[in-house]
Amino acid sequence: GAPASLSRFRGALVAAVVGDCVGGEFEGAEEVPMESVLKHLNSLDDETKGDGILEYSDDTAMARCVVQSLLTRGGFDEQDMARRFAKEYSESPGRGYGSGVIQVLKKLSSPQLSDVYQPARNQYNGRGSFGNGGAMRAAPFALAFPDQADVKRFACSGAMLTHSCSLGYNGAVLQALAVHLSLQGALELPQQFISKLITEMEEVEGDEATRNDARILKEAEKPFCERLHRVRDLMDRSKVSIEEVISELGNGIAALHSVPTAIFCVLHCLQPRECLPENYSGLERTIAYSLALGGDTDTIACMAGAIAGAHYGITAIPQSWIKCCEGTEDADVNAERLHMLYHQS
Ligand code: 8NA
Ligand code: MG
Ligand code: MG
């Protein structure tokens with residue numbers, strides 16, 4: 001499709017929900033044989049399965065808040081977004097939130113709170129969370145703002161409402177940038193796509209906060225840049241095992257161990273792969289491959305789904321998958337609204 005077409009918006013938002021819902025089956029599993037992944041995905045074709053049988057988790061619950069806030073306010077409003085996160089959590093606390101972020105969400109519901117960024121700053125003795133909870137809900141920022149500087153700025157601020165460690169919010173910036181570029185058709189040239197991400201993250205990670213956090217956590221000086229270089233190295237290899245991907249990039253709940261991984265899943269699955277069915281679309285390959293990595297499967301599949309969906313568009317997602325997942329209809333409607341907001345600004 002054309003750059004920033006409606007199909008790409010729908011693909012991004014719907015595939016993110018699908019990734020979250022189908023990924024829930026394997027969340028936290030250490031080893032996931034591809035056979036089990038394909039069995040799970042094949043079972044979604046069963047007509048007797050109920051609509052929306054696979055429930056979404058925290059990833060989609062929070063992304064829905066981001067979308068509603070951006071649409072209602074016509075842009076980024078931190079007070080409104082924080083209120084929506086708190087309300088969503090209080091109404092449905094059982095969506096599988098990270099154990100730390102729950103404290104932030106409880107504090108955000110206090111009417112006395114004046115600085116909505118304060119609860120996140122208090123996490124982990126003032127160091128803030130480096131979890132992937134900011135990144136898992138970052139895609140909508142790329143669908144609301146056409147300007148790349150806005151995407152970076154607001155994805156960062158939106159993540160900081162719960163994740164004040166640079167290794168948390170910079171993961172959200174990277175995820176939003178990947179969706180932004182994919183929406184423009186940048187995945188047509190995978191080498192340039194990864195180079196652009198590295199160039200952008202060089203700037204994003206060039207500040208004092210990143211340097212400090214990286215030193216304290218004993219990571220490379222620019223942690224996401226270093227991981228993106230590993231993604232590029234893995235891309236250039238003709239054969240890569242699942243074990244190597246996990247050991248080089250990770251599959252965990254830290255943004256650093258999951259956002260570059262999600263990006264790799266998309267890049268690796270641009271071509272047909274031996275371990276995946278021949279009749280699969282690139283988007284189906286991306287989701288299946290993400291699940292086979294194990295670990296934080298719902299979040300990695302959700303993030304990879306958003307990037308891949310923005311590339312392939314809505315038609316690459318099987319109807320049976322869409323039907324089985326809770327929240328896909330809302331995502332489709334909201335994608336159209338975001339498409340309008342994006343093109344009016
Ligand atoms: P979070 O902010 O609570 O962070 C997630 C976890 O990361 C925390 O519980 C800590 O263990 C750890 N962590 C983060 N920052 C620090 C730090 N500075 N020092 C020490 N430990 C730290 O939650 P989130 O919103 O980032 O959520 C991340 C993931 O957890 C999501 O994938 C979400 O789905 C959830 N989750 C994951 C699993 C799983 O098995 N993979 C299970 C349930 C929930
Ligand atoms: Mg989740
Ligand atoms: Mg998760």
Side-chain angles (χ1 to χ4, degrees), residues 13-14 16-25 27-28 50-123 129 131-141 143-144 154-155 157-164 168 172 253 296 298-299 301-303 305-306 322-338:
L13 219 52
V14 173
V17 177
V18 167
D20 178 14
C21 291
V22 302
E25 173 80 9
E27 187 177 20
D51 289 358
I53 188 94
L54 299 177
E55 292 181 1
Y56 62 73
S57 75
D58 55 337
D59 308 58
T60 301
M62 296 195 88
R64 286 163 63 101
C65 296
V66 172
V67 168
Q68 285 305 340
S69 183
L70 293 173
L71 287 173
T72 323
R73 306 299 301 156
F76 180 64
D77 174 343
E78 65 268 23
Q79 305 279 340
D80 181 76
M81 201 171 281
R83 254 195 308 276
R84 286 174 195 273
F85 288 155
K87 185 160 179 282
E88 169 61 36
Y89 174 71
S90 74
E91 286 171 1
S92 307
R95 293 272 187 192
Y97 288 88
S99 54
V101 77
I102 291 170
Q103 308 309 317
V104 179
L105 296 171
K106 285 180 180 162
K107 289 180 194 166
L108 285 178
S109 67
S110 161
Q112 277 94 21
L113 189 70
S114 55
D115 180 1
V116 288
Y117 293 106
Q118 193 54 46
R121 276 191 223 112
N122 290 344
Q123 292 294 93
S129 172
N132 55 22
M136 73 187 181
R137 59 172 195 258
F141 292 98
L143 306 180
F154 296 130
S157 302
M160 284 173 89
L161 289 168
T162 50
H163 292 69
S164 77
I253 51 161
D296 197 357
D298 65 333
T299 303
C302 172
M303 296 190 294
I322 294 176
K323 224 168 75 91
C324 282
C325 299
E326 180 194 13
T328 43
E329 282 179 29
D330 287 348
D332 206 358
V333 172
N334 284 329
E336 201 167 333
R337 295 183 177 139
L338 284 168

Legend entry - T299 (side chain) donor-acceptor with D296 (main chain) under 3.5 angstrom: no
Inset, instruction - Calculate, to the nearest 0.5 Å, the distance between atoms CD and CG belonging to Q68 and D80 respectively. - result: 9.5 Å
Legend entry - Heavy-atom pair of closest approach, residues A172 and A159: CB-CB, 3.6 Å
Legend entry - M81 side, atom CE; L108 side, atom CG - distance, nearest 0.5 Å: 12.0 Å
Legend entry - Ion pair check, R95 and E326, cut-off under 4.0 Å: yes
Legend entry - Minimum heavy-atom distance between A120 and M160, given as atom pair plus value: CB-O, 3.3 Å
Legend entry - Value rounded to 0.5 Å, distance of CD in E88 from CZ in R83: 15.5 Å
Legend entry - Test side-chain contact (heavy atoms from CB on, under 4.5 Å) applied to F141 and L70, step by step: CA-CA 8 Å; F141 292 98; L70 293 173; 4.2 Å; yes
Inset, instruction - Could you tell me the separation between the CG atom of N122 and the CD atom of Q103, rounded to the nearest 0.5 Å? - result: 11.5 Å
Legend entry - Over 12 foreign heavy atoms within 6.0 Å of CD, E336: no
Inset, instruction - Considering non-hydrogen atoms only, spot the tightest contact between F76 and S157 and give its length. - result: CE2-CB, 3.5 Å
Inset, instruction - Might you work through the side-chain contact (heavy atoms from CB on, under 4.5 Å) test for L71 and L338, ending with a clear yes or no? - result: CA-CA 7 Å; L71 287 173; L338 284 168; 3.9 Å; yes
Inset, instruction - Working to the nearest 0.5 Å, report the span between CG of D298 and CG of D59. - result: 4.5 Å
Legend entry - Side chain S69, main chain C65, donor-acceptor under 3.5 Å: no
Inset, instruction - Quick one: closest heavy-atom pair of P140 and A63, and the distance? - result: CG-O, 4.1 Å
Inset, instruction - Indicate the atoms forming the closest heavy-atom contact of V22 with C325, along with that distance. - result: CG1-SG, 4.1 Å
Legend entry - Distance (rounded to the nearest 0.5 Å) between L161 CG and R121 CZ: 10.0 Å
Legend entry - ring-ring contact (aromatic ring centres under 6.0 Å, His included) against Y89, all qualifying residues, sequence neighbours excluded: Y97
Inset, instruction - Using the side-chain contact (heavy atoms from CB on, under 4.5 Å) rule, take Q123 and V101 through it: C-alpha gap first, then chi angles, then the decisive distance, then the call. - result: CA-CA 8 Å; Q123 292 294 93; V101 77; 5.6 Å; no
Inset, instruction - State whether the side chain of S90 and the backbone N or O of K87 hold a donor-acceptor pair below 3.5 Å, judged by distance alone. - result: yes
Inset, instruction - Just do the side-chain contact (heavy atoms from CB on, under 4.5 Å) check on T162 and R137 with the steps written out, would you? - result: CA-CA 11 Å; T162 50; R137 59 172 195 258; 2.7 Å; yes
Legend entry - N/O donor-acceptor pair under 3.5 Å between D20 side chain and C302 backbone: no
